[in-house]
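One structure is given here, and the rest of the page talks about it.
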Amino acid sequence: MAATDVLRKEDMSPEYREMIVQMMQSQAYRELAAAHMFGYGLRFVPDKWLKFMVWHIREEAEHYEAVARMYKEFTGEEVEPVVRERLGGKPVPMAESWMELAMAQFLYDRGGFWQLKEYEECSFVPYRGVIQKIVKEEAGHQNLGERIVVEQCRSGVYDDLKQPLFEKWLRIGLLSFGRPKTPGNRFAIDHGIKKRDSGECMKDFVADIRPAVGEAGLRFPEPSALKMELPSDVDWSV
Ligand SMILES: [Fe+2]
Ligand SMILES: [Fe+2]
């Protein structure tokens with residue numbers, strides 16, 4: 001089906017409307033979860049990176065607010081109770097050290113970035129506007145997070161810790177994309193809600209982090225060790 005722009009909910013099928021509502025709920029959850037995780041992690045941040053992390057937390061909170069506003073306009077309801085319930089049922093793991101926070105910054109945050117990029121041309125026009133703004137800001141979080149991880153991994157101090165932490169957060173980052181090849185993926189693509197299947201986004205994400213993985217002296221684990229559905233043709237070389 002050729003995707004056409006949708007401006008008003010009156011022009012949506014119930015399935016399309018339902019998907020938009022779910023997307024906003026998930027996005028609001030993700031943004032607030034990020035703010036909580038980085039906020040919790042502030043205790044581990046050395047002075048040198050304090051301003052950066054505070055700025056990052058603030059931006060995640062603002063992303064949450066932007067999605068919450070859009071949700072309110074669209075549904076007439078608050079997203080907060082939905083997000084609270086989801087955060088209660090499915091809390092994001094919190095980073096428990098500076099090294100782990102850097103991994104989370106590198107992998108969880110960047111997974112979110114690549115996931116959102118699939119929606120920047122979303123056929124629902126109001127969603128597209130908000131997503132484009134968030135994507136632009138997320139792009140700004142990336143270089144520093146990567147630099148911190150590479151710097152710490154190369155210091156030699158974290159040689160025992162770095163690979164397990166990498167694998168833990170790689171999995172969490174990859175989970176941002178949702179399962180590949182589901183009927184929901186198909187529906188979203190057919191209706192121009194997102195560009196491509198989750199599996200394709202996973203491949204972009206892996207390609208994007210590959211240089212830093214190499215520089216940090218890390219390696220991708222056996223795909224089966226990640227215990228999740230993955231496309232069979234991901235290039236896991238470093
Ligand atoms: Fe964000
Ligand atoms: Fe971010």
Side-chain angles (χ1 to χ4, degrees), residues 20 22-45 49-72 74 79-80 82-84 86-87 90-95 98-122 124 126-152 165-166 168-178 194-195 198 201-202 204-206 208-209 212:
I20 295 292
Q22 274 177 23
M23 275 159 49
M24 287 183 198
Q25 290 175 347
S26 305
Q27 188 58 29
Y29 160 80
R30 271 200 67 89
E31 301 292 357
L32 193 60
H36 284 184
M37 184 180 55
F38 294 119
Y40 175 86
L42 202 59
R43 69 197 69 190
F44 306 117
V45 177
W49 297 106
L50 198 60
K51 270 214 176 97
F52 165 64
M53 202 53 78
V54 169
W55 163 77
H56 187 174
I57 297 162
R58 188 195 175 119
E59 284 206 346
E60 300 301 358
E62 286 174 2
H63 297 168
Y64 169 69
E65 282 168 0
V67 179
R69 243 191 331 269
M70 174 168 61
Y71 187 86
K72 175 89 204 229
F74 189 72
V79 80
E80 187 177 357
V82 181
V83 171
R84 291 279 158 195
R86 218 181 268 201
L87 279 170
K90 200 175 112 192
V92 234
M94 297 291 163
W98 173 224
M99 176 76 235
E100 184 166 13
L101 190 68
M103 273 303 175
Q105 222 274 326
F106 177 41
L107 298 163
Y108 178 78
D109 202 48
R110 191 169 304 198
F113 168 79
W114 280 103
Q115 206 262 348
L116 272 190
K117 271 190 82 65
E118 289 305 302
Y119 296 94
E120 25 172 45
E121 288 156 31
C122 180
F124 179 45
Y127 193 72
R128 192 196 294 171
V130 173
I131 293 304
Q132 284 170 352
K133 179 190 178 293
I134 298 180
V135 163
K136 214 167 116 202
E137 292 186 356
E138 289 295 341
H141 300 169
Q142 301 200 343
N143 294 343
L144 282 175
E146 177 175 318
R147 218 174 89 200
I148 299 168
V149 163
V150 171
E151 214 176 272
Q152 290 195 80
L165 285 177
F166 171 65
K168 172 179 173 185
W169 287 91
L170 175 67
R171 181 170 189 277
I172 297 171
L174 282 164
L175 285 172
S176 319
F177 301 103
K194 69 175 194 171
K195 294 185 244 178
S198 304
C201 318
M202 290 175 174
D204 280 355
F205 168 67
V206 170
D208 182 42
I209 61 172

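In this text the structure is predicted, and so the values were computed from the model without any measurement. Each residue takes its place number in the sequence, starting with 1. Numbering of ligands and ligand atoms starts at 1, following listing order.
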Does the K195 side chain pair with the main chain of K117, one donor and one acceptor, at a distance under 3.5 Å? yes

Describe, in one word, how the ring planes of H63 and H141 are oriented to each other, choosing from parallel (under 30°), tilted (30 to 60°) and perpendicular (over 60°). parallel

Measure the acute angle between the ring planes of F44 and Y40, then classify it against the limits of 30° and 60° as parallel, tilted or perpendicular. perpendicular

Ring of Y108, cation from R30 - is the NZ or CZ under 6.0 Å from the centre and inside 45° of the axis? yes

For a side-chain hydrogen bond (donor to acceptor under 3.5 Å, both in side chains) check, start with the C-alpha distance between H56 and E60, then their side-chain angles and the critical distance, and finish with the verdict. CA-CA 6 Å; H56 187 174; E60 300 301 358; 2.7 Å; yes

Does E118 reach the side chain of S198, with side-chain heavy atoms less than 4.5 Å apart? no

Within less than 2.8 Å of the Fe ion (ligand 1), how many protein N/O/S atoms are there? 4

